[in-house]
Structures are given as structure tokens and as C-alpha cells.
Amino acid sequence: MSRIIATAAIKGAYKEVAEAERMFNETLEAAGATAKVEFPNTAYYLPIIYGLSGIKVEKVEDMAKVLDLCKELLPPVPRAKHWVPYLGHALDAGIATLFAGEIIEGCKYVTNPPVDDIWLGAADDVIMRERGVEFVDGTAPGFCALTGLASSAEMAEKILIELLEKNLYVWMSGHINGKTITEQLLERGRQLGWDTRTVPYGKEMSSAVYSLGFAARAAMSFGGAQPGDFKKVLRYNKNRIFAFVLALDYVDEQKYAYAAGAINYGFPTIANTPIPEILPTGVCTYEHVVSNVPEEEIVQKCVEVRGLKIQITKVPIPMAYGPAFEGERIRKEDMYVQFGGNITPAFEYVRMREMDEVTDGKIEVIGPEIDDVEEGAALPLGIVVEVAGRKMQEDFESILERQCHHLINGAEGVWHMGQRDIVWTRISKKAKEKGFKIKHYGEILHAKLLSDFPAIVDKVQVTIYTNEEDVAKWLEIARQAYRYRDEKTAGMTDESVDTFYSCTLCQSFAPTHVCVITPERLGLCGAYNWLDGKAAYEIDPTGPNQPIKKGDPIDEVKGQWKNVNDFVREKSGGVSEKFNAYTMMEDPMTSCGCFECIVAFLPLCNGVMIVNREYGGMTPCGMTFSTLAGSVGGGAQTPGFIGIGKVYITSKKFISADGGFQRIVWMPKALKETLHEQLVRRCEEIGDPDFINKIADEDVGETEEEILPWLEEKGHPALTMEPMLT
Ligand code: SF4
Ligand code: ZN
């Protein structure tokens, strides 16, 4: 190891520990010895200190012993005589620096939390579990701790996109003379935050402890490392978390000291400036510090040095592509053209064809292309995907069709929501500028369906309709297929099977969301029923649809099983502890955001209302669909509210523990019309053929007060049922 770097890291560590001591004394004076020290909502205290030393810092005074420890760790500053040719001293200095950094940030949380419009500060445990799960299951290989400043805002954006294309999280800390790469990215209009995996922790270098503290918590939460078992914490990170430090521009002693801290975790530093390198491998998988790498090549180098193997299918579109872009939103002002979303009809439909009926790679747009319309336009859209394969079956159509959502969303500058005939999608102005065409929707689906489903898909052809006439014609054909698929599970009951299926496809948006799909309750998007779950599992046994053996019931009425609880707990990263299939009032299913309808409890009416996505008006619970969707979605359990697929409304298991179908007091007229046949059938089944006429709609009223007298007049059964809220 070069002597210069050891000297720099050790000197930097001395300075950081001195700064921590200064902050500690200041905080002691301002807030007192017993003032609480905590990062928001975490059970891991100051996590690096807790993970590596086992010390729980809960009060200001607890930091004193950590400072003592730092001083013990600080090695002598190397001089000619002292010089030792191995990493040990610099590594100890690195740990002292990380402890000092946590003290500094911890003190800030006591007196002046380091959070504002730009900087997010520490991630809480919910975020840690949600995102940490992705590190564990490989959805995201790890993170890049990015520091410094790029040579230009354009270059900053280019580097960011390259990192995101590798599915990495990008965590930013530190500045160069007060300027930050975060601000460069803002200048380029990038969306920052957890959804876009672009997370600005803090302006000061000490905020790098949020990255390494996250890693320490991951080791304790997912790796079973006990607090204080520093070897296990560090080994878990070296082996399981793919992370590195990318340092742009000048690396001063302080940064060196933090880099030395990261090396302890096995995270190397890659820099674009000529800093001394540490090449022999040992602690890290490959080199420890690699310098002087040009910005254009730096991301590639990082990946090489840390030893990441990524398989990327190149999708032939003129912009970046990958799961990291799925969380991006496109606001109206940034949009060039949109389709669906109640403004125009839009649908997607995958159908199986014979081998000789499909020309692989043929992609056609019938109707106007993006260049034929003005900015801000809305077009109808029909995406018809024809698939053939020796092992393809009709049963797989819905599974492939449901992929459209996340596959299309993976394109930078394209946003997609919904499924079947409630699709809503937007193309941004930026994407248009880069040359994105409507045809590219087809290119994405062609490339990804072939690469993601090689076992069943041999040929893919896509026809995209953007004229009203064809869209209307094909919409009818698609709807027949949807209906046919929905009816396939008719007659099956939850009791008749011993296995349910999960769906976690939507975890790319809502990392804690788990759909539990039973024969009588389909996924909340309405596009995945039990048979689809079963077929999807057969196609991909390690994929997002896993069988859940029911096992012993805990509560048959509420629909709670021990195995299902265990499964949901694990797959939600511990966020959902329990799950009830048949009640919406207690531990209900989580919602990602794709629900066709939302069911909401109406206390005054002692019943529920149901609103479908297409309905734009006010509803009796006091919220429109979109406001409701904002509070119900995101992967949380929200008692009193559930997101559902339409077909579930007429299922015998529809909130059966809460009184079932007869609890419905309100739904929009259009929804009643769409479901007319099924509603009539269900009313007969429950022995109250007139019930359909007792369900209020927007003509009766849009508030509980307005509809209640009407329900009374009609003798609605909910009014005399047991109280729903107990
Ligand atoms: Fe799967 Fe549920 Fe998402 Fe539908 S809503 S794709 S069933 S996770
Ligand atoms: Zn979803």
C-alpha cells in the first residue's frame, strides 16, 4: 500500500474524529447529556456503531465512549519509521472515521436535522427493508456511493444513467467547494428520491455514513449478523452487497478517510483523478482504490473492479432501459403525448398464434405516429401482441400480457399504468427529442418477451393501433378474451385447493406489496387469477408467482393461515405481519397501485362503496379515485380500504368476513353497467334479486349524507347488519 494514501487516510481520520468531538461538546452544551440521539424510525440506533461495536447510542452522553473508541482506533500517523506495509492502520482509521461521521450526523439530528428540499438524510427501517430486499433477491445488485462533482451537468447525468442501467442505487454525499453532483443532476431535470433510486443523502461527506449504515443494517436484518459481530457484518457486505465508491474530482484527506472506511466493507473506491492507487487485492474482491479513470469509462471500470456480472438485453430504443427507470413519473407539463387514462380508449392484448401466423420482429403502427401529432396530444391506443412458441399455451397469454406494464415502464421517459382496457401511458418530451417513437413500444415488448420467456416464446409480432376505428374494433376482441379468461376460474372455490399463489410482480414499484391470489380472489390488477398464478409458476419456478401451501387455518372466517402469514411477512420484508383474505377491516391485503377498483368503508352507511379507476367524480368517502389511490397504494395495509380486481366484487368471498356482497351501498353507474350480468346473477344467488336496485350511484348522491336516506327508503340490508367496525 502506498504510504501517501495511508498518511492521507489517517490524517483525514484524525480531523474527522476531532470534528466529531467538537460537535459532541457543542451538542452536550446545547441539549444536555440525556438528550435523545436517534436517526428517524430505526431499531438499529447509530447503525455502523451498533453493528460493528454493539454500542447502543441512545443519548448524547453515550457518544463519549464511542469517541474513546475512535481514539483507540486511530493509528499513529505514519512516519518513515512507523510505516507498515499493510492496510491494517488505514483500515482502523477508516472505521474511526465512520464512527466519527455517525456522531457528527447523530448530533445534527439532535439539534438541527440534516434534511431539506434536496437532502434526505437517514433512510428509516421501512425503506431499508423495502430496498434491502432488492439487494437480497438480486432485483438491485447494490449501490454506488457517489461523491464529488462531474466535469459538467451533462456528464453527471450520463454517469447516473449508466449506473441506473446497471440497476444500482445511487447514493450521494459530499461536495467540492460547496458544489454537488446532486445539484448538477437537478439542473438536468432528474427526479431524485427513492423511487428513482437516485438518493441525495447529504451535502457533507459525513452523510456517507447513511450509505454504510444502510449496509450495516442490511447485514443485521437480512444476514443474521448480531450487533457487535463486526466480522460478520463486514463479510456479509463484501460477499452479498455489490457496492463501491465513485469519487469524482479532488479527493481530500477527509474523503480518503471515508474511502478507507468503505474498504473495510469490501467496497472499493474508483476515482477519476490521479490519487494513489491500492491495487493488491485482499479485503475487497479485486482492487481497493483505482484512480485516474476517465469519466467516460468510469462506470464500466467500477463494475469490473467490484466484479459485478450483469446481463442486459439491449433493447433497441434511443434511450436508457432497465428496472431502475420504472419508478419515474411523467407530469403533464413534461409529456409529449398520452394514451388512455379515461381520455382515449387504450388497451393491451396478448394472444397466442400458430408458428406460421407470426412473423418474428414485425412491428407495425397503424394510425398516426408520434411525429404526426402536436405536443400535448392524446391518441387512442391498441397494443396487440401476437406470440407463438412450441411450448406456448393459451393459458400463458394473460401472464405475458401482464408483463407489458413493467416492461414498457423500464424505458426512460415512458410511463405506463394499468392493464387490459384501463391502460394509461405517456411519452415525455425528452424521449420524443431523443427519437422515441410509438413503434418502440413494440420493440421493447418484442425484445423483452423473447429474452425473459425463452422457454415459451419463440416469435413475437406487435401491431399498434392509434386510430379510433381499429382501436374500437380490437377493443371488442380483447374484451371477449378478458371475459373468457375471467370465467375460467368460475366454479372453483378456495376450499377446493390446498395452495394459493403469490404475485410480487409489482414490487418493482411497491417493494412491500404482495398479492395473495386464491381461486375466489384474483390479483388486484384484475389481470392475474389463480390459474394464471399456477401457470406462471410452471413457466418460471423462481419467478414472482410462488405457490403458498395454506396449511393450518388460524381463522377460517377471516381467511388467515399460518403459512400465508409467514410468506407475506417474508416477502414484504417484515412490513406486513399478518394477512386476512376475507376482511378489509383488519390486516387486509396490501395495494400496489394497479387495482381496478377501490373498496372503502362508509361508517355512516355501515357498508362499503366501490369505485373503479375510470370514474372521475367525487365519491361518498370524500375522495376521488385518484386521491384514494394515493393513500391506499404503495404497498401498505390500509384497514378500511382495499384495492381489488372487478371480478372479485361478485365472488362469494368478497369481504365475506365483513358481511359480503350485501355491504355494497354505492358504486358508479358505469361500473354497474359493466358488471350488470354478473351482479344480477350474484343477487339471485344471495336470494335478493332486487338487491341491485338498492345500490346507490352518483345520481343518488356523492356523499354519505346524500345517499343514506335513499338507502333507508330502499331498505338496504347493510343498515340493519351488525356494525362493520367493531
Ligand atoms: Fe401481480 Fe398483484 Fe401486481 Fe397484478 S397487481 S401484477 S397480481 S402483484
Ligand atoms: Zn401493481
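Every number for a ligand or one of its atoms is a count from 1 in the order of the listing. For clarity, every value in this text was computed on a predicted model and none was experimentally measured.
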Kindly give the heavy-atom pair with the smallest separation between Pro668 and Val611, and that separation in Å.
->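 Here Pro668 and Val611 meet closest at CD-CA, 4.1 Å.
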Going by heavy atoms in the side chains, are Gln461 and Arg353 under 4.5 Å from each other?
->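 The answer is no, as the side chains (C-beta and beyond) never meet within the 4.5 Å cut-off.
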Check whether any side-chain heavy atom of Leu445 sits under 4.5 Å from a side-chain heavy atom of Cys404, and report yes or no.
->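 SC-SC contact between Leu445 and Cys404 confirmed.
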Counting no waters, how many protein N/O/S atoms sit under 2.8 Å from atom 3 (Fe) of ligand 1?
->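 Counting protein N, O and S atoms closer than 2.8 Å to atom 3 (Fe) of ligand 1 gives 1.
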Which of these passes side chain to side chain contact (heavy atoms under 4.5 Å, CB included) with Val608: Leu602, Asp658, Val599?
->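 Answer after filtering Leu602, Asp658, Val599: Val599.
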Residue of the set Val387, Asp360, Asp458 for which side chain to side chain contact (heavy atoms under 4.5 Å, CB included) holds with Leu450 |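 Testing each of Val387, Asp360, Asp458 against Leu450, the sole residue satisfying side chain to side chain contact (heavy atoms under 4.5 Å, CB included) is Asp360.
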Polar protein atoms near the Zn ion (ligand 2) [N, O or S; cut-off under 2.8 Å] =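 Less than 2.8 Å away from the Zn ion (ligand 2) sit Cys506 SG, Cys592 SG, Cys594 SG.
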Ser496 and Asp494 side chains, donor-acceptor separation under 3.5 Å =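 Looking only at side-chain atoms, Ser496 and Asp494 do not form any donor-acceptor pair under 3.5 Å.
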Using a strict cut-off of less than 4.0 Å between a Lys/Arg side-chain nitrogen and an Asp/Glu carboxylate oxygen, indicate whether Glu397 and Arg351 qualify as a salt bridge.
->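 No, Glu397 and Arg351 are not salt-bridged.
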Pairing of Lys488 and Asp395 as salt bridge, 4.0 angstrom limit |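 Here Lys488 pairs with Asp395 in a salt bridge, since their nearest N and O are under 4.0 Å apart.
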Report the residue from Lys550, Lys653, Lys652 that forms a salt bridge (Lys or Arg N to Asp or Glu O under 4.0 Å) with Glu495.
->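 The salt bridge (Lys or Arg N to Asp or Glu O under 4.0 Å) with Glu495 is passed solely by Lys653 among Lys550, Lys653, Lys652.
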